[in-house]
Amino acid sequence: MSGHNHMKLSFASRSENESFARVTVASFVSQLDPTLEQLDEIKTVVSEAVTNAIIHGYDGRTDGVVTVEAEIDGDTVSLRVSDQGKGIEDLDLARQPLFTSRPELERSGMGFTIMENFMDEFDVVSSDAGGTSLRMKKRIESKKALFN
C-alpha cells in the first residue's frame, strides 16, 4: 500500500481513555495490513505513551488533554503522543531502564525502553513550560509481503 493518510485524536487525561487511544490507533494502522506482532507492538507503545502522559505529565489530573497523532506515509507509520503537563525534569535519567518518578504507584520504569525497542525511531521532547511530546516511527511490512 502506498500513499499518505493521517489522524488526530485529543481526549481528557483520564486513565479509561488509554484503551480508547490504543484501539483507535490500531484500527487506523490496520490499513497497512500489519502482522499481529506489529499491531501488538503499536498498541503497547500507544498504551505506554498515553499512560505516561496521564500519570507523569498530569499527575493523574483529569483536566488535562492528551493528543495522539498518527500518520501513514507509504509503509511507515509515525506516531506522536503529546501533553501539556509538567514536563520531564531530567530526560536522560527518565530514559534509563527501571527509572520511575512514581515508585509509590508500583510503576516498572520500562515505558521508554519498551517504546524504543518496539519502534524503529523514538524521540522525546520535553520542557517545564510545554509538556512532553513523544515521536515514534515504525516501518510496517504487511502480511501479504511476508508471504509472497
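A donor-acceptor contact shorter than 3.5 Å is absent between the side chain of Asp59 and the backbone of Arg61. Although no hydrogens or angles enter the test, the distance criterion places a donor-acceptor pair under 3.5 Å between the side chain of Asn17 and the main chain of Ala12.
For the atom pair Ser126 OG and His56 NE2, the distance stands at 11.5 Å (nearest 0.5 Å). Interatomic distance, CG of Asn52 versus CD1 of Ile88, reported as 7.5 Å (0.5 Å rounding). Separation of atoms CG (Asp73) and NE2 (His6) is listed at 11.5 Å; rounding is to 0.5 Å. For the atom pair CD (Gln38) and CD1 (Ile140), the distance works out to 4.5 Å, reported to the nearest 0.5 Å. Annotation: the span from Asp75 atom CG to Arg139 atom CZ amounts to 4.5 Å, rounded to 0.5 Å.
Shortest non-hydrogen contact noted between Pro34 and Leu39 is CG-CD1, 3.9 Å. A pairwise comparison of heavy atoms in Glu71 and His4 identifies OE2-NE2, 2.6 Å as the closest pair. The two residues Gln84 and Tyr58 have their closest heavy-atom pair at N-OH, 2.8 Å. Between Ala26 and Ser30, the shortest heavy-atom distance links the atoms O-OG, 2.8 Å.
The side chain to side chain contact (heavy atoms under 4.5 Å, CB included) search around Val65 returns Ser10, Thr67, not counting sequence neighbours. Annotation: side-chain hydrogen bond (donor to acceptor under 3.5 Å, both in side chains) contacts of Asn5 (sequence neighbours excluded): Gln31. Under the side chain to side chain contact (heavy atoms under 4.5 Å, CB included) criterion, Leu134 pairs with Ala49, Phe112, Met115, Phe122, Val124, Thr132, Met136, not counting sequence neighbours. Judged as a side-chain hydrogen bond (donor to acceptor under 3.5 Å, both in side chains), and not counting sequence neighbours, Ser27 has no contacts. By the side-chain hydrogen bond (donor to acceptor under 3.5 Å, both in side chains) test, Glu18 pairs with Arg22, Ser47, sequence neighbours left out. Looking at residues two or more places apart in sequence or on another chain, you find no side-chain hydrogen bond (donor to acceptor under 3.5 Å, both in side chains) involving Glu121.
No more than 12 heavy atoms of other residues, nucleotides or ligands lie within 6.0 Å of CD in Glu37, so this atom counts as exposed by the packing criterion.
Side-chain atoms of Glu41 and Thr44, non-hydrogen and from C-beta on, never get closer than 4.5 Å to each other. A heavy-atom distance below 4.5 Å is not found between the side chains of Val68 and Leu79. Counting heavy atoms from C-beta on, the side chains of Asp40 and Phe118 never come closer than 4.5 Å. Side-chain contact check for Arg135 versus Ser133: some heavy-atom pair is nearer than 4.5 Å. Put simply, the side chain of Ile42 reaches to within 4.5 Å of the side chain of Val77, judged on heavy atoms. Side-chain contact between Val66 and Ile54 is present, with at least one heavy-atom pair separated by less than 4.5 Å.
Connection of Val23 to Val50 is not established within any shared hydrophobic cluster, with ILVMFWY side chains joined at heavy-atom distances below 4.5 Å, either directly or through further cluster members.
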- Message: The test is side chain to side chain contact (heavy atoms under 4.5 Å, CB included); show your working for Met7 and Glu69 and say whether it passes.
- Response: CA-CA 6 Å; Met7 59 149 281; Glu69 298 172 75; over 6 Å; no
